[in-house]
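Have a look at the structure below, then the notes.
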Amino acid sequence: MTFYTSLYYMTELTEDHLLPPSKRPSDLPELEFKKVDVQEDADINFLGNMFIISLRSDWTPKDKTFKSGSVIYCPLDRFLNLGSKAVDYEILFEPTERTAYQYFSCTKNYLVLSTMDNVKSKLQFYKIGDNGNSLTLVSGDTEAQIRDCSVSALDPNDSDEFWFTTSSYTEPTTLFLADASKVDIGSTSEDDFIVEKLKSLPPQYDSTNLIAEQRFATSKDGTEIPYFIVMKKDIEFNGKNPTLLYGYGGK
């Protein structure tokens, strides 16, 4: 429709519809497409029998308004057959002034949700249950981390393994083999899903004695502006340390 809007139409296929035209039964009914009753600026996804909707603007399908930036889900079959006003929605993510949705990735039995919290990365692991009809939070970061990371499933039909790529101010981009099922073990350590470090870009400098921290500067109107500082572990805050300052922003 436009760069940010789309119209979606859906239909239900049978195995016969997937056959080559010459092998399809002669009495096979024609496909009937139904318009998907969501906002034109929303994104949609499917997981089992769950219909997942990512909102770019506020949406009130019946008696409740879901905020722009939210990710919600509901039973797919009921939504398609009865419409958006006839289903109950669950919230997978709802933004705040300091948090934002990034993406989700699915393995065979898990959904991994990636969000930003004060410009820091946060991962949460949900178990897919009830024959693809429910999501249950089972593990994840207790606090957002200063890093960039991505999750990509190896084979979502048959495995819970995934590629995990991460980088930070003090660590070069690194690729790991990971397994979402390890989060059920109950370990309290961060990134307990990692199985093996596979490869890494070469470091561009020696970061063994460096740390990265997030702090906040308060603007004239009282708004707290997050910033990151990379420094030596034993630095003395005496006002005499040479500093390279970089900033960006928008209005």
Taking distance alone, no hydrogens or angles, what donor-acceptor pairs closer than 3.5 Å link side-chain atoms of residues 154-162 to residues at least two apart or in another chain?
from: Asp155; atom 1: OD1; to: Asn157; atom 2: N; distance (Å): 3.2
from: Ser159; atom 1: OG; to: Glu161; atom 2: N; distance (Å): 2.9
from: Asp160; atom 1: OD1; to: Thr107; atom 2: OG1; distance (Å): 2.8
from: Asp160; atom 1: OD1; to: Lys108; atom 2: N; distance (Å): 3.3
from: Asp160; atom 1: OD1; to: Asn109; atom 2: N; distance (Å): 2.8
from: Asp160; atom 1: OD2; to: Asn109; atom 2: ND2; distance (Å): 3.0

Ion pair present between Asp88 and Lys62, side-chain N to carboxylate O less than 4.0 angstrom? yes
In terms of side-chain geometry, is the basic nitrogen of Lys85 or Asp63 positioned less than 4.0 Å from the acidic oxygen of its partner? no
Classify the ring geometry between Phe93 and Tyr101 as parallel (under 30°), tilted (30 to 60°) or perpendicular (over 60°). tilted
Qualifying salt bridge (Lys or Arg N to Asp or Glu O under 4.0 Å) pairs with a residue from residues 24-39, counting only residues at least two apart or across chains: none
Which salt bridge (Lys or Arg N to Asp or Glu O under 4.0 Å) pairs, counting each pair once, include a residue from residues 224-240, with sequence neighbours left out? none
Considering all heavy atoms of both residues, which atom of [X] and which atom of [Y] are nearest to each other, and what is their separation?
X: Ala153; Y: Ser105; answer: N-OG, 3.7 Å
X: Lys120; Y: Ala144; answer: CB-CB, 3.6 Å
X: Leu82; Y: Ala86; answer: CB-CB, 3.5 Å
X: Thr170; Y: Tyr205; answer: CA-OH, 3.7 Å
X: Met1; Y: Thr5; answer: CB-OG1, 3.1 Å
X: Asp130; Y: Asn133; answer: O-ND2, 2.8 Å

Extract all donor-acceptor atom pairs below 3.5 Å that involve side chains of residues 211-218 and protein atoms in other chains or at least two apart in sequence.
from: Glu213; atom 1: OE1; to: Arg215; atom 2: NE; distance (Å): 3.3
from: Glu213; atom 1: OE1; to: Arg215; atom 2: NH2; distance (Å): 2.9
from: Gln214; atom 1: NE2; to: Asn118; atom 2: O; distance (Å): 2.5

Note, [X] side chain near [Y] side chain (heavy atom, < 4.5 Å):
X: Ile91; Y: Ile72; result: yes
X: Tyr103; Y: Val112; result: no
X: Leu135; Y: Leu47; result: yes
X: Val183; Y: Asp192; result: yes
X: Leu55; Y: Gln39; result: yes
X: Asp41; Y: Trp59; result: no
X: Asp191; Y: Gln145; result: yes
X: Leu113; Y: Leu92; result: yes

Candidates Phe46, Tyr8, Tyr73 - the one meeting ring pair (Phe, Tyr, Trp, His ring centres under 6.0 Å) with Phe51: Phe46
Side chain to side chain contact (heavy atoms under 4.5 Å, CB included) between Val195 and Asp179, worked out: CA-CA 7 Å; Val195 174; Asp179 188 341; 3.7 Å; yes
Going through the checks in order, is the side chain to side chain contact (heavy atoms under 4.5 Å, CB included) test met by Tyr126 and Thr136? CA-CA 5 Å; Tyr126 291 80; Thr136 303; 5.9 Å; no
Give the intermediate values and the outcome of side chain to side chain contact (heavy atoms under 4.5 Å, CB included) for residues Lys197 and Phe164. CA-CA 9 Å; Lys197 178 180 177 180; Phe164 180 63; over 6 Å; no
Kindly work out whether a path of hydrophobic side-chain contacts (I/L/V/M/F/W/Y, heavy atoms less than 4.5 Å apart) joins [X] to [Y].
X: Ile52; Y: Val36; answer: no
X: Leu210; Y: Phe228; answer: yes
X: Ile235; Y: Ile229; answer: yes
X: Tyr89; Y: Met50; answer: no
X: Ile225; Y: Val119; answer: no

Quick one: pull up [atom1] in [X] and [atom2] in [Y] and give me the separation to the nearest 0.5 Å.
X: Ser70; Y: Asp58; atom1: OG; atom2: CG; result: 8.0 Å
X: Gln102; Y: Ser121; atom1: CD; atom2: OG; result: 6.0 Å
X: Ser114; Y: Leu123; atom1: OG; atom2: CG; result: 5.0 Å
X: Thr173; Y: Asp148; atom1: OG1; atom2: CG; result: 8.0 Å
X: Ser167; Y: Leu201; atom1: OG; atom2: CG; result: 9.0 Å
X: Asn49; Y: Ile128; atom1: CG; atom2: CD1; result: 12.5 Å

Would you find a donor on one side and an acceptor on the other, under 3.5 Å apart, between the side chain of [X] and the backbone of [Y]?
X: Thr243; Y: Leu245; result: no
X: Ser134; Y: Gly129; result: yes
X: Asp141; Y: Glu143; result: no
X: Arg56; Y: Tyr4; result: yes
X: His17; Y: Leu28; result: no
X: Thr166; Y: Cys149; result: no
X: Asp206; Y: Thr208; result: yes
X: Glu40; Y: Val38; result: no

Centroid-centroid distance, Tyr110 to Phe125, less than 6.0 Å: no
Thr223 and Asp221 side chains, donor-acceptor separation under 3.5 Å: yes
Can you name the ring-ring contact (aromatic ring centres under 6.0 Å, His included) partners of Phe104, sequence neighbours left out? none
Evaluate Leu18 against Leu13 for side chain to side chain contact (heavy atoms under 4.5 Å, CB included), listing each step before the verdict. CA-CA 8 Å; Leu18 302 178; Leu13 297 175; 3.8 Å; yes
Tell me whether Glu94 at atom CD has more than 12 heavy atoms from other residues, nucleotides or ligands lying less than 6.0 Å away. yes
With sequence neighbours left out, write down each residue that passes side chain to side chain donor-acceptor pair (under 3.5 Å) with Asn81, or none if nothing qualifies. none
